[in-house]
Amino acid sequence: MRHWLMKSEPEAFSIDDLERVGTEPWNGVRNYQARNFMRDGMRPGDGVLFYHSNCAVPGVVGVAEVASEAYPDPTQFEQASPYFDPRARPDAPRWMLVDVRFKRKLARTIRLAELRAQPRLEGFALLQRGSRLSVLPVTRGQWDLILALENQPRGLP
DNA sequence: GCCAACGTTGGC
DNA sequence: GCCAACGTTGGC
C-alpha cells in the first residue's frame, strides 16, 4: 500500500464535509503531475493524509483512503462546471480522478509550521520551495512520522 | 523551441 | 490583501 497527501481548501471542501458524505469523487484536479499520481500511482486502499490549504491554520487534519481506481473526471465535460475543459472529449478524456473515503479526523491539526520544523521531513514534497501540487506522494516513513506527531502535546510555538 | 505574459496557488 | 513561485499559453 502506498501513501499520499491531498490538499483541499476547507471553505470549498473540508474534512468535516468528507466525514459527512463519506466518499467523494476528487474532481477538479487540473494539473498533469497530480493527475498522473492519481492515474498511475493510486490503488484502492492507499492511505491519504487530508490537508487543509489556503486557510488560517494550514495542516494535516485527517486520514482518508483511496476508494476507487482512477476514472475520467466528469466535470471536464460539463459546460456549466468551473472545471469544464473544452479540449476534453469523452473518447479522449484529459483529466482523471479517484474516489476518496473518510477514515478519521486527527485529534489535532498537524500544522504546516510544525511539519517544517521536523528535520526528518526534509525532502517531503509538501515542503519543497514553491510546491503547489495538490496531490503528492508520502513515503511510509513520512506517514509514520507525521501521524506520530498527532499524539504529542503540541509541536511548535 | 523560446520566452514573455498571464493566471493560479497558497503561505503569510 | 500581498506577493513569490509556478504552470500554461501563444506569438514569433
Side-chain angles (χ1 to χ4, degrees), chain A residues 2-21 24-42 46-64 66 70-100 102 105-139 142-143 145-150 152-157:
Chain A
R2 283 184 260 193
H3 302 84
W4 309 92
L5 181 143
M6 300 174 89
K7 297 181 186 175
S8 187
E9 302 189 11
E11 281 193 21
F13 190 80
S14 70
I15 188 68
D16 291 324
D17 293 323
L18 185 62
E19 179 171 27
R20 192 171 309 118
V21 301
E24 176 77 1
W26 206 257
N27 59 36
V29 172
R30 295 294 180 270
N31 171 282
Y32 289 107
Q33 215 180 335
R35 179 202 67 183
N36 294 347
F37 283 136
M38 290 195 289
R39 186 187 63 190
D40 307 329
M42 288 189 177
D46 284 359
V48 173
L49 295 174
F50 195 103
Y51 178 93
H52 279 174
S53 67
N54 201 16
C55 58
V57 185
V60 177
V61 294
V63 177
V66 176
Y71 61 95
D73 180 344
T75 63
Q76 69 193 300
F77 308 121
E78 297 167 5
Q79 218 144 349
S81 168
Y83 303 129
F84 177 67
D85 185 343
R87 301 161 301 180
R89 307 177 23 153
D91 60 342
R94 300 171 74 92
W95 305 110
M96 307 288 281
L97 56 69
V98 297
D99 293 342
V100 175
F102 178 83
K105 284 170 73 171
L106 297 192
R108 66 184 187 86
T109 299
I110 312 297
R111 288 157 301 142
L112 175 61
E114 198 173 335
L115 298 176
R116 287 199 189 283
Q118 302 295 323
R120 294 196 52 217
L121 288 180
E122 197 181 347
F124 183 28
L126 178 75
L127 308 180
Q128 304 300 344
R129 200 178 73 127
S131 165
R132 303 180 314 178
L133 257 189
S134 64
V135 176
L136 51 95
V138 178
T139 67
Q142 290 161 348
W143 175 274
L145 192 154
I146 291 166
L147 290 181
L149 294 174
E150 180 186 6
Q152 286 174 210
R154 197 163 183 271
L156 244 214

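We use all heavy atoms of the structure for the numbers below, so side chains are in, but hydrogens, waters and symmetry mates are not. Lettering follows sequence order; numbering is per chain, from 1.
At most 12 non-hydrogen atoms from other residues, nucleotides or ligands lie less than 6.0 angstrom from CZ of Arg89(A).
Salt bridge status for Arg35(A) with Asp73(A): absent, with no side-chain N to carboxylate O gap under 4.0 Å. Ionic pairing of Arg108(A) and Glu114(A) is present here: one or more N-O contacts between side-chain nitrogen and carboxylate oxygen are shorter than 4.0 angstrom.
One atom, CG of Leu5(A), and another, P of dG10(B), lie 11 Å apart when rounded to the nearest Å. Here the P atom of nucleotide dC12(B) and the CG atom of Asn54(A) are 12 Å apart, to the nearest Å. Put simply, CG on Leu136(A) is 13 Å from C1' on dG10(B), counting in whole angstrom units. We find that CD of Glu11(A) is positioned 15 Å from C1' of dG11(B), with the value rounded to whole Å. Rounded to whole Å, the distance from CG on Asp85(A) to P on dG7(B) is 17 Å. Protein atom CD of Gln128(A) is 16 Å distant from nucleotide atom C1' of dT9(B), rounded to whole Å. In this structure, the CG atom of Leu133(A) is 11 Å from the P atom of dC6(C), given to the nearest Å. Across the protein-nucleic acid pair, Arg35(A) atom CZ and dT8(C) atom P stand 10 Å apart, rounded to whole Å.
Residues Trp95(A) and Asp85(A) have side chains that bring a donor and an acceptor to within less than 3.5 angstrom of each other.
Note on Lys7(A): a side-chain N or O is less than 4.0 Å away from OP1 or OP2 of dG10(B). An OP1 or OP2 oxygen of dG11(B) is reached within less than 4.0 angstrom by a side-chain nitrogen or oxygen of Tyr51(A). For Arg132(A) and dT8(B), the shortest distance from a side-chain N or O to OP1 or OP2 is not below 4.0 Å.
Using a 4.5 Å cut-off on side-chain heavy atoms (C-beta onward), Phe50(A) and Phe13(A) make contact.
Residue-to-nucleotide proximity on DNA chain C shows that, of Arg94(A) and Gly130(A), the 5′-proximal contact is made by Gly130(A).
Looking at heavy-atom distances under 4.0 Å, Arg30(A) makes no contact with the nucleic acid at all.
For Arg87(A), the side-chain atoms get nearest to dT9(C) when compared with the rest of dT9(C), dC6(C), dG10(B). Here the nucleotide nearest the side chain of Tyr32(A), chosen from dC6(C), dT8(C), dG10(B), is dT8(C).
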